[in-house]
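Values below: every heavy atom of this structure, side chains too, minus hydrogens, waters and symmetry copies. Remember, predicted model here, so these are calculated numbers, not experimental data.
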Amino acid sequence: MTVKDSLFLISGLQTLVISIILLFYKSKKIQVNFYLGLSFLTLFIEIIMYFVIKQVHHPSVYYAPLRFDFLSMNLLFFYAIKTSGIIVRNAFNYYIPAIIEFFLLTLFFLIVLVNPEFHKTLINYNFHLIMRILSSLYIIVMCILIVRVNEKHKKMLPFFYRSIKYKSLNWLTIFCGICILLNFVRQLRFTLESVYFIHIVFDALALFTLYYITIASLVQINILNITGPENEEEEIELKEVFLSINNYISINKSYLNPSMNLKMFASEVQLPERIISKAINKIENKNFNNYVNYHRIEEFKDKIASDYHKKYSISAIANEVGFNSRASFYKNFKDIVGVSPSEYVERVSS
């Protein structure tokens, strides 16, 4: 056994152990870790297939439906999604490429098993090249989607936890960056087959990536960092909390106070700051400041509709509805409404 094979074998065993831990270890994130565990399981199976291909010389082994180029990153994507508490509609659609891959490989595996000559036909039609390019492109796209989810998760963390140390998914973002690089090197590896250095770089990068994600995921197995409802009961509770604070702020018009902040509002409604932030973020997909500014702008629009602007200037009305600076008012109004306050007033007047 070569040094390379030994390293791959050790990595495979490490991956198997990590997948078993993630799938069966009873942590507070067991439902979320399940996706991560399945992803590691697919990697372990692919490492096993590496050794099977070296030992079995029948061409059908190249089409064994145990390649997961279109599945492994999907599982990591849903791990990030579940951790971030983001709702994905038609989630099944994300698995369609993996299902197509599985049935296509199964079909060709059976055909080549019966008729080995068909393997040459597939080579002539560049089947492996096409699959390799498509899978690399798919992995890169999924990596970009995961990074975007991770960034959203990072922004939401302060509204759910007092301390956010070690809670972010930066390790997964780094992994995705390495994966993108790995897939570029993967194409070079087959394009420049005679360049031995490219093969060394690819294998070293693949081993490092595998080692990095196994250690990083194990470190975070018990760190609670979910920024969405953990169960249906909590989701119902957050909806009830949001309705109560929404009714309170609408009736009492707390947003008219320019000094209003989360701590002050929490004291006013006698609810924990974290619960208020969590409820607003879940239902409205806003932080507390954005939520308050939205109500202020709605108040401004009501005053404009009642011809209030004919008596007072736009800046005076902005101060009256709770904005303590003209710049803040104009920026928030443009972000929320889509036009400047003066444009809005002009449209209403006409």
What do the steps show when you test Tyr25 against Asn222 for side-chain hydrogen bond (donor to acceptor under 3.5 Å, both in side chains), and what is the final call? CA-CA 10 Å; Tyr25 179 71; Asn222 260 332; 2.9 Å; yes
Applying side-chain contact (heavy atoms from CB on, under 4.5 Å), run through Leu169 and Trp171 and close with a yes or a no. CA-CA 5 Å; Leu169 297 176; Trp171 62 273; 3.9 Å; yes
How long is the straight-line distance from CG of Asn319 back to CD1 of Ile314, given to the nearest 0.5 Å? 12.0 Å
If you group Ile, Leu, Val, Met, Phe, Trp and Tyr by side-chain heavy-atom gaps below 4.5 Å, do Leu36 and Val17 land in one group? yes
With a 4.0 Å cut-off on N to O distance, would you call Asp5 and Lys54 a salt bridge? yes
Pro258 and Phe323, any side-chain heavy atoms less than 4.5 Å apart: no
Is the closest side-chain heavy-atom distance between Lys286 and Asn281 below 4.5 Å? no
OG1 on Thr83 to CD1 on Ile226, rounded to 0.5 Å: 6.0 Å
Decide yes or no for Leu210 and Ile47: does some side-chain heavy atom of the first lie under 4.5 Å from some side-chain heavy atom of the second? yes
Option from Phe102, Phe78, Phe70 for which ring pair (Phe, Tyr, Trp, His ring centres under 6.0 Å) with Tyr95 holds: Phe78
Taking the inter-plane angle between the rings of Phe288 and Tyr291 on a 0 to 90° scale, is it parallel (under 30°), tilted (30 to 60°) or perpendicular (over 60°)? tilted
Going only through I, L, V, M, F, W and Y residues with side-chain contacts under 4.5 Å, is there a path from Tyr211 to Leu172? no
Reported CG-to-CD1 distance for the pair Leu76 and Ile139, which is rounded to 0.5 angstrom: 10.5 Å
For Leu224, does its backbone N or O pair with a side-chain atom of Lys29 as donor and acceptor, under 3.5 Å? no
Less than 4.0 Å between a side-chain N and a carboxylate O, is that true for Lys253 and Glu299? yes
Between Tyr248 and Glu268, does any side-chain donor sit less than 3.5 Å from a side-chain acceptor? yes
Before giving the answer on salt bridge (Lys or Arg N to Asp or Glu O under 4.0 Å), spell out for Glu117 and Lys120 the whole-Å C-alpha distance, their side-chain angles and the decisive distance to 0.1 Å. CA-CA 6 Å; Glu117 289 299 313; Lys120 294 179 182 178; 3.5 Å; yes
Verify whether the ring centers belonging to Tyr294 and Tyr255 lie closer than 6.0 Å. no
Check whether Thr42 reaches the backbone of Ser39 with its side chain - one donor and one acceptor, N or O, closer than 3.5 Å. yes
Quick one: do Leu145 and Met142 satisfy side-chain contact (heavy atoms from CB on, under 4.5 Å)? Show the steps, please. CA-CA 5 Å; Leu145 291 178; Met142 291 307 299; 4.0 Å; yes
Under the 3.5 angstrom rule, does the side chain of Ser72 hit a backbone N or O of Asp69 as a donor-acceptor pair? no
Report the C-alpha distance between Phe109 and Leu66 in whole Å, list the side-chain angles of each, state the deciding distance to 0.1 Å, and finish with yes or no for side-chain contact (heavy atoms from CB on, under 4.5 Å). CA-CA 11 Å; Phe109 172 75; Leu66 294 173; over 6 Å; no
Quick one, Ser254 with Asn252, criterion side-chain hydrogen bond (donor to acceptor under 3.5 Å, both in side chains). Give me CA distance, side-chain angles, the key distance, then yes/no. CA-CA 5 Å; Ser254 308; Asn252 295 280; 5.5 Å; no
Under a 3.5 Å threshold, yes or no: a donor from one side chain and an acceptor from the other, between Ser168 and Asn150? no
Nearest 0.5 Å, what's the CG-CD1 distance between Leu122 and Ile130? 10.0 Å
Between atom CG of Leu71 and atom CZ of Phe77, what is the distance when rounded to the nearest 0.5 Å? 13.5 Å
Backbone of Lys303 reached by a side-chain donor or acceptor of Ser306 within 3.5 Å: yes
Could you go step by step and tell me if Met264 and Asn257 meet the side-chain contact (heavy atoms from CB on, under 4.5 Å) rule? CA-CA 10 Å; Met264 189 185 299; Asn257 181 356; 3.6 Å; yes
Go through the side-chain N and O atoms of Ser313 and Ser315 and say whether any donor and acceptor fall under 3.5 Å apart. no
How about CZ on Phe175, more than 12 heavy atoms from neighbouring residues, nucleotides or ligands closer than 6.0 Å, or not? yes
Step by step, would you call Asn183 with Tyr138 a side-chain hydrogen bond (donor to acceptor under 3.5 Å, both in side chains)? CA-CA 10 Å; Asn183 277 277; Tyr138 186 78; over 6 Å; no
Between the side chains of Ser84 and Thr227, does any donor sit under 3.5 Å from an acceptor? no
Tell me whether the count of non-hydrogen atoms from other residues, nucleotides or ligands lying under 6.0 Å of CD in Glu343 goes above 12. yes
Evaluate the ring planes of Phe118 and Phe108, with Trp represented by its six-membered ring, and classify them as parallel (under 30°), tilted (30 to 60°) or perpendicular (over 60°). tilted
Is it the case that one hydrophobic cluster holds both Ile276 and Leu243, taking links as side-chain heavy atoms less than 4.5 Å apart, direct or via other members? no
Please check if the number of heavy atoms outside Phe34 that lie under 6.0 Å from its CZ is greater than 12. no
Short N-O contact, Glu298 and Lys301, less than 4.0 angstrom: yes
Report the distance from atom OG of Ser19 to atom CZ of Phe44, rounding to the nearest 0.5 Å. 7.5 Å
Please check this pair: side chain of Asn126 against backbone of Leu129, looking for a donor-acceptor N/O pair closer than 3.5 Å. no
State, with a plain yes or no, whether a side-chain heavy atom of Leu271 is found less than 4.5 Å away from one of Ile245. yes
Determine whether Ile10 and Ile18 fall in the same hydrophobic cluster, where Ile, Leu, Val, Met, Phe, Trp and Tyr are linked whenever their side-chain heavy atoms lie under 4.5 Å apart. no
Tell me whether the rings of Tyr63 and His119 are parallel (<30°), tilted (30 to 60°) or perpendicular (>60°). perpendicular
Is it true that atom CZ of Phe103 has more than 12 heavy atoms of other residues, nucleotides or ligands lying nearer than 6.0 Å? no
Is a side-chain N or O of Asn115 found less than 3.5 angstrom from the main chain of Ile111, in a donor-acceptor match? no
Could you tell me if the side chain of Ile45 sits less than 4.5 Å from the side chain of Arg67, heavy atoms only? no
Whether the Asn225 and Tyr166 side chains hold a donor-acceptor pair (N or O, under 3.5 Å, no angle test) is what I'd like checked. no
Check whether Phe40 and Phe208 end up in the same hydrophobic cluster, where Ile, Leu, Val, Met, Phe, Trp and Tyr are linked by side-chain heavy atoms less than 4.5 Å apart. yes
